[in-house]
Amino acid sequence: MAERERRLTPPRGGVFVPRVQVLAPEDVQRAITRIAHEIVERNRGLDDVVVIGLQTGGVPLAFRLAQVLEEMEATTVPVGMLDVAFYRDDIGIRPVLAEAITAIPCDLAGQLVILVDDVLFTGRTVRAALNALADYGRARAVQLAVMVDRGHRELPVRPDYVGKNMPTRLDEQVDVSLDGVVLGDVVAR
Amino acid sequence: MTPPSPLPDADELKPPPLSDAGRHLLSISDLGAEGIEEVLRVSDAFVEVASRPIPKVPALRGRTVVTLFAEESTRTRLSFETAAKRLSADVLSFAVASSSVKKGESLRDTVETVAAMGVDAFIVRHPSAGAPAQVAGWVDATVINAGDGWHEHPTQALLDCYTIRQVLAERAGRPVSESGVGDFAGLRVAIVGDVAHSRVARSGVLAFAALGAEVTLVAPGSLVPPSLEGWPVTGVSHDLDAVLPHVDVCYLLRLQTERGAGSFLPSIREYTAGYGLTLRRAGLLADGALVMHPGPMNRGVEIADEVADLPRSLVLRQVANGVAVRMAVLFLLLGQVVRGDATGTVADLGHGYGPVDG
C-alpha cells in the first residue's frame with residue numbers, strides 16, 4: 001500500500017507500523033527478474049509489449065521491470081503509469097484519493113499491456129485499471145503482474161505473474177517497494 | 001520517461017482542503033491558497049484526460065448536476081456542462097428565462113422543486129450578488145457559484161491561475177504537474193478595466209493575491225470600486241501606459257455595459273483611448289508578458305483586434321483549460337461526498353477505512 005492511500009485512515013492519515021520483513025530488497029529484485037523471464041517466455045519475446053505501472057505503488061516496480069526486460073532482450077520497452085482514481089467503484093463510499101500522474105507512452109491499440117501493481121488484494125483497482133486502459137485503445141491482451149498477492153479477492157481477478165503469494169489478515173497492511181516487502185499495520189495517529 | 005519523485009511522508013500529507021472547507025464553492029476565499037493549489041493539481045489530471053482518445057471518465061457516474069443560469073452565458077455554461085459530462089454525470093440544463101420563474105414562481109420554490117428531483121449539485125449564475133449563497137442555504141446539494149452579480153466568479157479565477165501556471169511551466173521547460181504555485185510569488189499582475197462591475201476581477205484579485213502575486217488595478221476612477229477594503233491589491237493606477245512595461249500578466253476585463261458601465265464614462269471611445277489594449281500599448285509590454293481576457297471580448301473596446309490574436313494572448317487557452325479546471329472542481333466537491341446510503345465491503349470492514357491496494 002502506497003503512502004498516499006494511508007491518508008485515508010482515520011482521523012485522516014495513519015502511520016504504518018512494520019511488523020515482519022517478508023522479502024528483502026534482493027528478493028524483490030529476484031522476483032522482478034523472474035517475472036521478466038516469465039513474460040518473455042510466455043509471450044515468446046517482447047513484441048508490442050508495453051509496461052504500465054499503477055499509481056502509486058506499481059510505478060517504481062514497472063520502471064524496474066521494464067529496465068530488466070530491456071537489458072534481457074536488448075530492446076526498448078515503452079513504460080507508462082496509470083492512475084485509476086476516476087475509475088474506482090468506491091467514489092461516494094469514501095473520500096477519493098488525490099490523483100497522481102497518468103502518462104501512457106503510446107496508443108495501446110493492438111499492444112500487449114503488462115499491468116504492474118504492488119499488491120493484489122480485492123481486485124477492485126485492477127477492475128478500474130482495465131476500464132481505464134480501454135479508453136486508451138483496444139489492447140491485444142492485458143496481463144497482470146503483482147509483487148504480492150495477499151488474497152481476499154472480491155472480484156474474479158487473477159494475476160498472471162506473482163512475486164510472492166502471501167496469505168494475510170484483512171486488517172493487515174502490506175508495504176511494497178524496491179526496498180523489500182513488509183507486513184504491518186496502519187495505526188491511526 | 002523517468003519515474004516520478006517519491007511522495008512525501010505521511011506526516012507531511014494534509015487532508016484535502018476542499019472536503020473540509022465545505023461542500024460549496026461560492027467564493028475564492030472558501031478555498032485559500034491550499035485549496036487553490038489542490039484544484040490546480042487535480043486539474044493537471046483532467047488536462048491529461050482531455051488528451052485521451054476517449055476523453056471521459058466514469059468518476060461521477062450516477063450524479064446529477066443542474067446548471068441554473070439566470071443570466072446569459074456561452075462559455076461558462078457550456079464549459080460546466082462539458083466538464084460534468086466528461087465526468088459521466090447527468091446534466092440538467094435550466095434556463096431561468098424559459099422556466100416557471102416567468103410564471104411568477106420564486107427562485108426559492110424553483111430551486112427546491114428541482115432539488116426534490118434528486119440533484120447532487122447546482123451550478124448557479126445570477127445577476128444578484130449572493131444568490132448562490134442563498135441557494136446553498138435552501139438545498140442539501142453542493143452549490144457552485146458560476147458568477148453572481150458584481151460579486152465573484154471563482155472558477156474563472158481558478159482557470160486563469162491554471163493557465164498562468166501552465167504557461168510559466170512550459171516556458172521553464174518542466175512538466176506542469178511538477179509546478180506548485182511557486183511561480184506566482186512576486187508575479188506582477190495588472191487587472192485592467194471595469195473593475196467596479198467585474199466579478200472576475202474580485203475573484204481574480206483574491207486568487208492571485210492568495211498565491212503570492214502582486215496585483216495592481218488599472219481603471220478610470222469611476223470604474224474603481226468605491227471601497228477597496230478587503231481587496232488585497234498592491235496598488236491602483238489610472239495610467240495604463242506607465243504600468244504596462246512592469247507587468248508579467250496584463251488581465252483585461254470586459255466593459256460591462258449591461259451593468260451600466262457606460263454611464264460611468266464620458267464615452268466608450270474615450271475609455272478605449274485611455275484603457276484599451278491597442279497595438280501600440282501591446283508594444284509597451286515586456287517580452288514574455290501575457291495578455292489575458294475572461295471573454296467575451298469586446299474587440300476594439302478593451303482589446304484591439306490585432307492584440308486579441310497575438311501569440312501572447314491566452315484567451316482561447318483560458319477557455320480550453322476551463323473545462324479541465326471545472327472538472328477538477330466538480331470532482332473535488334462531488335467525489336468527496338460520502339453518501340449516507342452507500343454500502344459495500346470497503347466501508348463495512350469495521351476498522352473505519354478500506355483496503356485500497358490491489
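Every chain is numbered from 1 and lettered A, B, ... according to where its sequence line falls, protein lines coming before strand lines. No hydrogens, no waters, no symmetry mates; every other heavy atom, side chains included, goes into these values.
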Quick one: side-chain contact (heavy atoms from CB on, under 4.5 Å) partners of [X], sequence neighbours excluded?
X: B:P53; answer: A:Y136
X: A:L112; answer: A:N43, A:V49, A:R140, A:A141, A:Q143
X: B:A141; answer: B:F122, B:V139

(request) Please determine, by modelled atom types, if B:R326 and B:T155 share a side-chain donor-acceptor pair under 3.5 angstrom. (result) yes
(message) With no hydrogens and no angle check, just 3.5 Å: does a side-chain donor-acceptor pair link A:T122 and A:R153?
(response)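 No, A:R153 and A:T122 have no side-chain donor paired with an acceptor closer than 3.5 Å.
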(message) Can you list the residues of residues 71-78 of chain A that sit under 4.5 Å from chain B, counting heavy atoms only?
(response) none
(message) Which atoms of A:A132 are under 4.5 Å from chain B, going by heavy atoms: the side chain, the backbone, both sets, or neither?
(response) neither
(message) Is it the case that the side chain of B:R63 and the backbone of B:L334 share a donor-acceptor pair, with hydrogens and angles ignored and the cut-off at 3.5 Å?
(response) yes
